[in-house]
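The sequence lines fix the lettering, A, B, ..., with proteins before strands; numbering per chain opens at 1. Keep in mind that the numbers below use all heavy atoms, side chains included, and drop hydrogens, waters and symmetry copies. For clarity, every value in this text was computed on a predicted model and none was experimentally measured.
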Protein chains: 2
Amino acid sequence: MWGCVMAEAGKEAKAGSGPRQSQADRRARSRGALLEAAARGLSKYGYANLALAQVASEAGYTRGALYHLFANKEELALAVVRWVEETWQAEVGQLGADETEPVEALLAIARRHAVFCRQEVARVMLVLRVEFAEREDHPVGRALTEAVGRVTVECADLIAAGRASGSIPAGPPPTETAQAYLATLEALGIELAGRAPFDVELTERATRGVLGLPPATATATGAATATEESAVAAVGDLLQP
Amino acid sequence: MWGCVMAEAGKEAKAGSGPRQSQADRRARSRGALLEAAARGLSKYGYANLALAQVASEAGYTRGALYHLFANKEELALAVVRWVEETWQAEVGQLGADETEPVEALLAIARRHAVFCRQEVARVMLVLRVEFAEREDHPVGRALTEAVGRVTVECADLIAAGRASGSIPAGPPPTETAQAYLATLEALGIELAGRAPFDVELTERATRGVLGLPPATATATGAATATEESAVAAVGDLLQP
DNA sequence: AAGGTAACATACAGGCATGTATGTATGTGG
DNA sequence: CCACATACATACATGCCTGTATGTTACCTT
């Protein structure tokens, strides 16, 4: 939902479409441009190193606009976190409910996540999580741990269901396995971002390993990724660097 | 070599052993205590959020001592990076040369790395790498990319050798596979730190997956980890939190 | 034991970024 | 068309942290 707003919110959108525009439009455009610039800045420099003057500048504004749209630096970061979380949930996490088989859901999430990470904004969550992992006193840290906690529970449930149905072999407790699954996803997504098509391939390999599944046969892998690739191609177009 | 110095360099070491101590001893102790405090601080707060006053305070000194032992904040961080890298190489990476079989070397490295990560200082590399990944203009960023690059080459060579000998199945290029292998190690080490024994178990699972190996049989895993555990137990004692 | 030097502690100066207060232009409603 | 609110820009105040300069204590040499 936010994606479309963000996608068209660029530098030229400010003075481009016409001299007459409603206040709500101006506000939405400005907010979107600033959010996107903040997301890029956060993924590049992290929270502490992020200078709000540069964020506003890259969005085509000054700090005045930023402090008019967001209460402070913290609120800006929280808004970015919420936006990325919603986008991820809509583009990737949703598959957890769609697929009927838990194993297929977990593998589909893994593949889509790898594609999702081809956008540079995917780094935001990792960067902030690393920066605030040991600092849960900070509101941003709390928001992140809560967000990750929700996803972890979903994946743990999928793992437990898969084990109950026999499609996933036994192993460490579901929570720890889910944490390992998500950590692997995150790390590989970042590390191999843009190195298509190996990002998807290696992500699936690692995922299968964590879940205790044997390596996929060449034909099965090819078919699965091929069908996923086409369905997933549009994800990368939401935010083109 | 540095490890022993660091291990005995605590707050009480300053005034404990006796009023008479050589200048070199004082310098080494102070440097060690400051390095350890800096490593803890970096892993908790990152580089930008690290206040040198707090580092010095936690080590039992003031900023004056710190600036006497290290030229500036940057040099301090670089010293921490070098120290962690040397420690890792001695305790974990060395296995790459010891083991004769490439596969066994890679799996041994993975297991030992999981144990290595039970120390909180292991987070330092990840934290700094995330903070400086997109900023190679910074000397700390360069030092990190160089350090990671060296390890990546070693692992890529091991993977290539294993594939040549047939013990590792074919897959993505050795460099990308090595990157995925190391990223997985790093992420799981951090995420599962302290969750023994699942950290080792899940790390080995993910590693086998990345390399394209089938899941280890229960007996093989137990035996391997059992022998490793005993040989590796001492590693965690180098720096007890 | 006394001068000298190294190991620190304390005090001072400067920069950079956040947050706020004020000013200006553009849309909005009667 | 005019009062008003909203969207922004500019200017100011504040705080924290780095880096340096100076002072004090402990050790080393002869």
Completion exercise
Going 5' to 3' through nucleotides 15-21 of chain C and flagging B where a protein heavy-atom sits under 4.0 Å of the base, S where only the sugar-phosphate is that close, and - otherwise, we get ---BBB-
Practice task
Determine whether the side chains of B:Ser30 and B:Tyr61 contain a donor N or O and an acceptor N or O closer than 3.5 Å.
Solution key: yes
Problem - d(CZ, B:Phe70; C1', C:dC8) in whole Å - result: 14 Å
Distances under 3.5 Å between protein N/O atoms and the N/O atoms of nucleotides 5-7 of chain D, please, pair by pair.
residue, atom, partner, partner atom, Å
D:dA7, OP1, A:Arg27, NH1, 3.3
D:dA7, OP2, A:Arg27, NH1, 2.7
D:dA7, OP2, A:His68, NE2, 3.0
D:dA7, O3', A:Arg26, NH2, 3.3

Handout entry: Nearest heavy atoms of B:Ala178 and B:Ala156, plus distance in Å
Key = CB-N, 3.6 Å
Exercise for the section: Check step by step if salt bridge (Lys or Arg N to Asp or Glu O under 4.0 Å) holds for B:Arg142 and B:Glu146. Expected result: CA-CA 6 Å; B:Arg142 271 200 300 276; B:Glu146 288 172 12; 5.4 Å; no
Problem - Heavy-atom donor-acceptor pair, B:Glu58 side chain to B:Val55 backbone, under 3.5 Å - result: no
Problem - Non-hydrogen side-chain atoms of A:Glu154 and A:Asp157 separated by less than 4.5 Å - result: no
Problem - Between CZ on residue A:Phe116 and CG on residue A:Leu185, distance to nearest 0.5 Å - result: 12.0 Å
Exercise for the section: May I ask you to test the B:Glu201-B:Pro197 pair for a side-chain heavy-atom distance under 4.5 Å? Expected result: no
Exercise for the section: For B:Arg150, enumerate each residue passing the salt bridge (Lys or Arg N to Asp or Glu O under 4.0 Å) test, keeping only those at least two apart in sequence or located in another chain. Expected result: B:Glu85
